[in-house]
Peer 1: 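Can you keep this structure in mind? I'll have questions shortly.
Computed from a predicted structure; not experimentally measured.
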Amino acid sequence: PQLTELHMEFNTMEDSDLAIISEGIACLPNLQTLSLSNNPITVKGLVPLIKAFSSLCLLKELGLATTMIAEEGVELLLENISKLPNLISLDLKASKVSHFIIPVLEKFCHEYKGKLRLKINLQVNPIKKRS
């Protein structure tokens with residue numbers, strides 16, 4: 001298939017839906033843009049998606065804005081980011097990420113310093129530590 005962009009925003013997809021959809025996504029080797037934003041996906045739904053990463057070596061943009069993946073999901077994504085060598089944009093805007101993500105980001109930046117050119121959008125997340 002020659003599909004290069006797949007936008008699935010606002011489809012009320014849950015984790016169980018993403019498990020099924022991820023099998024189809026894995027069959028799209030030319031996919032460059034995948035947006036699953038604005039769906040109630042949690043870290044549980046990311047597991048099958050990450051399994052599909054090895055088939056998506058051309059993926060440049062991954063949209064997971066306004067989901068519920070939180071820190072655990074971001075950490076899982078960053079641990080598996082090497083499976084997406086062409087990824088340049090990871091949108092995590094408003095994805096329930098708090099200040100606990102800071103050490104994860106520090107580790108990621110140290111590990112991949114100079115190896116990746118990746119823009120991560122963390123806007124509209126409650127990252128500021130509350131006193």
Side-chain angles (χ1 to χ4, degrees):
Q2 294 299 315
L3 187 65
T4 59
E5 291 192 26
L6 182 59
H7 297 270
M8 301 186 74
E9 302 94 342
F10 297 102
N11 284 317
T12 62
M13 283 189 297
E14 296 180 348
D15 296 333
S16 57
D17 302 313
L18 194 53
I20 296 165
I21 291 166
S22 293
E23 292 177 24
I25 290 170
C27 298
L28 300 171
N30 296 314
L31 200 62
Q32 294 179 22
T33 301
L34 174 61
S35 181
L36 301 167
S37 297
N38 298 290
N39 285 295
I41 301 166
T42 70
V43 66
K44 185 179 175 185
L46 288 180
V47 174
L49 180 62
I50 287 171
K51 288 180 183 175
F53 279 3
S54 58
S55 302
L56 302 175
C57 59
L58 297 180
L59 194 69
K60 293 180 179 182
E61 298 177 30
L62 179 57
L64 292 166
T66 317
T67 60
M68 298 187 298
I69 63 170
E71 297 83 20
E72 189 180 357
V74 174
E75 186 169 9
L76 186 62
L77 283 168
L78 295 178
E79 287 171 355
N80 289 279
I81 210 81
S82 63
K83 296 176 183 174
L84 299 171
N86 290 303
L87 193 69
I88 56 173
S89 178
L90 178 57
D91 190 358
L92 301 169
K93 180 179 180 180
S95 293
K96 309 290 185 207
V97 177
S98 75
H99 68 279
F100 293 110
I101 198 62
I102 294 171
V104 173
L105 289 172
E106 288 174 341
K107 178 183 172 192
F108 174 77
C109 290
H110 179 72
E111 186 175 332
Y112 285 96
K113 185 178 180 181
K115 296 177 187 172
L116 287 177
R117 187 171 164 229
L118 177 64
K119 176 182 118 182
I120 302 174
N121 182 355
L122 287 168
Q123 294 175 313
V124 194
N125 279 293
I127 293 177
K128 182 179 178 186
K129 186 173 182 178
R130 300 173 199 258
S131 18

Peer 1: Over all heavy atoms of both residues, which pair between S55 and A26 is shortest? Give the atoms and the distance, please.
Peer 2: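 Scanning both residues, the minimum pair turns out to be CB-O, 3.2 Å.
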Peer 1: Hey, could you give me the CD/OG1 distance between E14 and T42, rounded to the nearest 0.5 Å?
Peer 2: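 It is 9.5 Å, given to the nearest 0.5 Å.
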Peer 1: What's the separation between atom CG in N38 and atom OG1 in T66, rounded to the nearest 0.5 Å?
Peer 2: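 It is 4.0 Å, given to the nearest 0.5 Å.
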Peer 1: Given side chains that start at C-beta, do those of L34 and L49 come closer than 4.5 Å, heavy atoms only?
Peer 2: yes
Peer 1: With rounding to the nearest 0.5 Å, note down the distance linking CG in D17 to CE in M8.
Peer 2: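 That separation rounds to 9.0 Å.
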Peer 1: Side chains of L77 and L92: does their closest heavy-atom pair fall under 4.5 Å?
Peer 2: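 Contact flag for L77/L92 side chains = yes.
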Peer 1: Mind checking whether L31 and I50 sit in one hydrophobic cluster, side chains of I, L, V, M, F, W, Y counted as touching below 4.5 Å?
Peer 2: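 Hydrophobic grouping puts L31 with I50.
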Peer 1: How long is the straight-line distance from NZ of K60 back to OG1 of T4, given to the nearest 0.5 Å?
Peer 2: 9.5 Å
Peer 1: Any link between L78 and F100 through a network of hydrophobic side chains (Ile, Leu, Val, Met, Phe, Trp, Tyr) touching at under 4.5 Å?
Peer 2: no
Peer 1: Start with the C-alpha gap between L76 and I69, add the side-chain angles, then the distance that decides, and say whether side chain to side chain contact (heavy atoms under 4.5 Å, CB included) holds.
Peer 2: CA-CA 10 Å; L76 186 62; I69 63 170; over 6 Å; no
Peer 1: Quick check: do L64 and V74 have side-chain heavy atoms less than 4.5 Å from each other?
Peer 2: no
Peer 1: Applying a strict under-4.5 Å side-chain criterion to I, L, V, M, F, W and Y, I'd like to know whether L62 and I88 cluster together.
Peer 2: no
Peer 1: Is it the case that more than 12 heavy atoms not belonging to E72 sit under 6.0 Å from its CD atom?
Peer 2: no
Peer 1: Which atom pair, heavy atoms only, marks the closest approach of M13 to P40?
Peer 2: O-CD, 3.1 Å
Peer 1: Going by atom types only, do D91 and N121 share a side-chain donor-acceptor pair under 3.5 Å?
Peer 2: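 The criterion, which ignores hydrogens and geometry beyond distance, is satisfied for N121 and D91.
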Peer 1: Does the side chain to side chain contact (heavy atoms under 4.5 Å, CB included) test come out yes or no for K107 and V104, once each step is laid out?
Peer 2: CA-CA 5 Å; K107 178 183 172 192; V104 173; 5.9 Å; no
Peer 1: Specify the closest pair of heavy atoms between K96 and N125, including all atoms of both residues, with the distance to one decimal.
Peer 2: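 Heavy atoms only, the tightest pair is N-OD1, 3.1 Å.
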Peer 1: Once rounded to the nearest 0.5 Å, what's the spacing between atom CG of N30 and atom CG of L56?
Peer 2: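 One gets 10.5 Å once the value is rounded to the nearest 0.5 Å.
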Peer 1: Give a yes or no on whether the backbone of A65 and the side-chain of S37 come within a donor-acceptor separation of less than 3.5 Å.
Peer 2: yes
Peer 1: Quick one: do M68 and I41 end up in the same hydrophobic cluster if we chain Ile, Leu, Val, Met, Phe, Trp and Tyr together by side-chain heavy atoms under 4.5 Å apart?
Peer 2: no
Peer 1: Do you know the tightest heavy-atom contact between C57 and N86?
Peer 2: O-ND2, 2.7 Å
Peer 1: Going only through I, L, V, M, F, W and Y residues with side-chain contacts under 4.5 Å, is there a path from I102 to I120?
Peer 2: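 Shared cluster, yes.
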Peer 1: What pair of heavy atoms forms the shortest contact from A52 to S22, and how long is it?
Peer 2: CB-O, 3.7 Å
Peer 1: Rounded to the nearest 0.5 Å, how far apart are CG of L6 and CG of L36?
Peer 2: 7.0 Å
